[in-house]
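These notes concern the structure reproduced below.
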Amino acid sequence: MARRFTVKDFFLLLFLSLLAVLILLAMYMVDRQWLKLSEIEQTLTEQARDLRGLRDLLHSPGRNGLTLAPAEKQDAETIPLAFQRAYAATQQPDYHPGDWFVQAFGAGLKTLTPLVSTDAYAADVQGYVLESLLTRHPETLEWQGLLARDWEISEDGLTFRFRLRKGLTFSDGQPLTAEDVAFSFSFIMNPAIAAPRERAYYEKIERVAALDPYQVEFKFKEPYFNSLALAGGLAILPQHFYEPYLEQPESFNQSKGLLLGSGPYRLPDPKGWTPDQGLVELERNPRYWGPVQPPFDKLLWKVIVNDSARLTTFRNGDIDLYSARPLEYQKLLEDQALAARTQHFEYRSPAAGYSYIAWNQERNGKPTRFADQRVRQAMTFLTDRASMIEQIMLGHGEPAVSPFNPDSPQHDPALAPRPFDLTKAKSLLEQAGYTDRDGDGVLEDASGQPFRFELVFFQDADDTRRLVLFLKDLYARAGILLEPKPTEWSVMLDRINKKNFDAIMLGWTSGVEIDIYQMFHSSQTLAGGDNFITYQNPELDQLIEKARATVNESERMPLWRACERILYEDQPYTFLMRRKSLVFVDQRVRNLEVTPLGLNLGMTPVEVYVPGAEQKYAR
């Protein structure tokens with residue numbers, strides 16, 4: 001027999017609900033207190049370690065290779081070469097440490113974990129947290145010791161021995177030794193770790209061994225033109241922090257924010273960053289080993305995907321840097337209010353790289369229409385890059401011919417950008433079997449299927465959207481249907497990893513001399529590799545391997561140029577353009593300079609600062 005719900009039942013239920021809420025609140029408070037106690041315990045542990053380290057240093061004068069003198073007693077002669085520019089900045093009359101430097105990302109980051117992350121945004125952040133043995137001087141481009149005090153190379157060019165500075169520590173206070181260098185290599189090469197891109201480079205190395213706490217040796221399997229850069233540029237990971245993840249590699253491979261290093265800045269919680277925070281915050285590393293301390297208290301990146309919103313935020317003074325689009329650049333130069341509080345820079349950095357359309361040659365295990373070289377060549381002839389640069393980029397760029405920088409000896413100056421040529425494109429498409437069979441103005445293949453494809457691109461980039469619409473009209477003139485596919489950044493990365501696209505518009509960063517093995521060698525078509533279009537050319541493979549193994553520059557450059565000629569014929573990408581950087585920076589940021597590597601804003605050791613009188617954060 002059913003029983004009615006009475007007033008007494010109501011109050012009983014209410015009482016039980018309140019009791020449950022109180023229990024949950026109590027559990028939450030206890031949990032918070034435990035977390036707080038854990039943080040305090042960790043801080044005390046690190047401080048005790050710091051005190052022990054300081055005591056050891058004081059009892060061992062002159063052993064650590066680093067000066068113990070306070071900053072005001074240092075002089076240029078005691079400062080390592082890699083820190084000379086940063087040291088010179090501290091000697092400026094208006095120099096004052098402190099304040100924040102605030103920037104914006106135009107897309108949300110998927111992860112900050114090294115090796116797992118694949119985008120330039122994460123690399124920007126990691127550049128302040130992770131360090132390598134060597135760093136390149138921004139003016140002379142020569143290598144200088146950073147974590148390494150010095151190094152030597154065997155006569156056969158296969159063995160590199162680095163001697164570390166003494167007194168190096170990670171940001172949690174643990175010492176950095178040669179064992180960490182050897183671990184960093186072994187961690188990358190562990191097949192359980194999702195680092196196929198890095199493994200593609202480091203497979204040239206036979207072993208990395210710690211000879212003692214301050215000496216590490218790299219042994220290469222064979223000569224490699226970029227050996228010093230490869231060994232010296234290895235990001236050093238703390239073994240005590242990352243090694244436990246080898247027990248459950250998936251926890252590392254799927255992580256979002258496992259980032260800890262020896263650099264001038266650190267994540268406040270090296271295990272706790274997640275993309276849903278909508279920003280990235282780095283704090284000054286209080287245990288930074290360098291003789292010149294980083295100037296800013298904090299580095300902050302806000303995720304603002306909309307171009308207009310990013311400009312508004314910059315105008316309001318809430319971010320310190322804005323990269324302008326060509327269309328707005330001239331207007332902003334004429335904006336007197338903006339000019340009064342900003343400085344602007346226009347430059348083309350070799351590291352800025354190039355944009356491209358990648359033509360996927362295999363999807364779901366079957367060849368696509370872009371597997372035909374004639375089709376790819378036709379697509380490039382239809383891509384009117386000169387007009388794109390003139391009408392959309394307003395001249396702030398130049399057509400790209402290949403992955404090689406036009407100022408680099410890798411580039412063959414005899415190769416000119418393919419011009420727009422509708423007639424030649426139609427001829428190539430007809431040779432490949434595409435004609436308008438039903439008279440509707442659209443090309444069809446032999447089975448009557450129309451030539452239609454999706455072009456994936458980042459949805460929040462206004463210029464890219466305009467470029468795609470421009471291309472849609474151009475391709476339609478040849479009877480090809482382009483379907484724009486604006487896509488979120490994280491979804492784009494997933495599509496790349498799964499090779500799930502017809503064509504995709506992207507960009508690669510670049511350098512003075514680059515290795516194209518990662519992008520174009522057949523072996524890199526593996527899952528997670530950067531040859532995500534399944535492009536294969538055995539002749540190119542052999543040339544890449546030969547160029548990589550040729551240490552002599554005068555013998556290597558003709559090989560790179562031969563590679564370039566093959567890429568020019570094959571057109572696995574339609575190389576679009578190399579854009580100029582059009583950058584506005586808040587006037588309060590000082591010591592900015594354009595170098596052969598670009599603006600010195602993101603370089604470490606950090607050499608820009610805000611004078612004390614103009615600092616506005618955390619005062």
Side-chain angles (χ1 to χ4, degrees), residues 39 42-43 46-47 50 71 83 86 89-90 92 94-106 108-109 112-114 117 120-131 169-173 256-290 292-304 310 313-314 316-323 341-342 583-592 599-619:
E39 291 175 2
Q42 178 67 22
T43 303
E46 292 178 0
Q47 288 178 345
D50 292 344
F83 287 88
T90 67
Q92 298 293 321
D94 60 352
Y95 176 83
H96 198 285
D99 213 14
W100 303 358
F101 185 63
V102 186
Q103 302 178 69
F105 285 144
L109 282 73
L112 282 179
T113 301
S117 61
Y121 298 126
D124 284 347
V125 177
Q126 292 162 5
Y128 291 100
V129 177
L130 304 174
E131 290 184 311
T169 62
F170 292 105
S171 61
D172 61 355
K256 303 303 180 188
L258 297 175
L259 180 59
L260 190 143
S262 62
Y265 290 91
R266 68 177 187 178
L267 275 176
D269 179 358
K271 294 183 180 179
W273 183 86
T274 55
D276 58 10
Q277 295 176 24
L279 55 80
V280 179
E281 176 184 325
L282 297 182
E283 63 182 16
R284 190 204 308 262
N285 175 6
R287 300 180 180 87
Y288 188 52
W289 62 271
V292 180
Q293 293 300 296
F296 296 107
D297 292 335
K298 186 181 294 188
L299 305 177
L300 190 67
W301 290 267
K302 301 177 179 179
V303 176
I304 308 174
R310 204 158 52 249
T313 308
F314 179 68
N316 293 339
D318 294 328
I319 57 175
D320 294 314
L321 180 146
Y322 181 71
S323 293
R341 52 166 288 266
T342 65
V583 178
F584 290 86
V585 185
D586 195 295
Q587 188 70 46
R588 67 197 188 93
V589 180
R590 297 290 205 279
N591 205 37
L592 286 165
L599 196 60
N600 63 339
L601 200 53
M603 296 174 182
T604 55
V606 181
E607 56 190 55
V608 299
Y609 60 92
V610 176
E614 299 177 54
Q615 295 185 2
K616 63 180 183 179
Y617 295 102
R619 300 182 67 179

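- Residues meeting the salt bridge (charged side-chain N to carboxylate O under 4.0 Å, His left out) test with E607, sequence neighbours left out: R85.
- Listed for the Q126 side chain is no donor-acceptor partner under 3.5 Å among the backbone atoms of S117.
- Remark: Y322 engages E328 in a side chain to side chain donor-acceptor pair (under 3.5 Å) (not counting sequence neighbours).
- Among residues two or more places apart in sequence or in another chain, the salt bridge (charged side-chain N to carboxylate O under 4.0 Å, His left out) test is passed with R590 by D94, E614.
- Contacts of T113 classified as side chain to side chain donor-acceptor pair (under 3.5 Å), with partners at least two apart in sequence or in another chain: T111, S255.
- For the side-chain contact (heavy atoms from CB on, under 4.5 Å) test, residues two or more places apart in sequence or in another chain that qualify with Q277 are W273, T274.
- At distances below 3.5 Å, at least one donor-acceptor pair connects side-chain atoms of T169 with backbone N or O atoms of R287.
- Partners of Q293 by side-chain contact (heavy atoms from CB on, under 4.5 Å), not counting sequence neighbours, listed by chain and number: Y288.
- Applying the side chain to side chain donor-acceptor pair (under 3.5 Å) criterion to N591, with sequence neighbours excluded, gives no partner residue.
- Among residue pairs with one or both ends in residues 270-285, those qualifying as salt bridge (Lys or Arg N to Asp or Glu O under 4.0 Å) are R266-E283, E281-K298, R284-D297; sequence neighbours excluded.
- D586 meets the side-chain contact (heavy atoms from CB on, under 4.5 Å) test with D320, R341, R588; sequence neighbours excluded.
- Checked against side-chain contact (heavy atoms from CB on, under 4.5 Å), V129 has the following partners two or more places apart in sequence or in another chain: L259, L282.
- T342 is listed as a side-chain neighbour of F314, based on a closest heavy-atom distance under 4.5 Å.
- Within the 3.5 Å criterion, the main-chain N or O of V606 finds no donor-acceptor partner in the side chain of Y128.
- Judged by distance alone, with hydrogens and angles left aside, the side-chain atoms of D99 form no donor-acceptor pair with the main-chain N or O of F296 at under 3.5 Å.
- Applying the side chain to side chain donor-acceptor pair (under 3.5 Å) rule to D124 yields no partners; only residues at least two apart in sequence or on another chain are considered.
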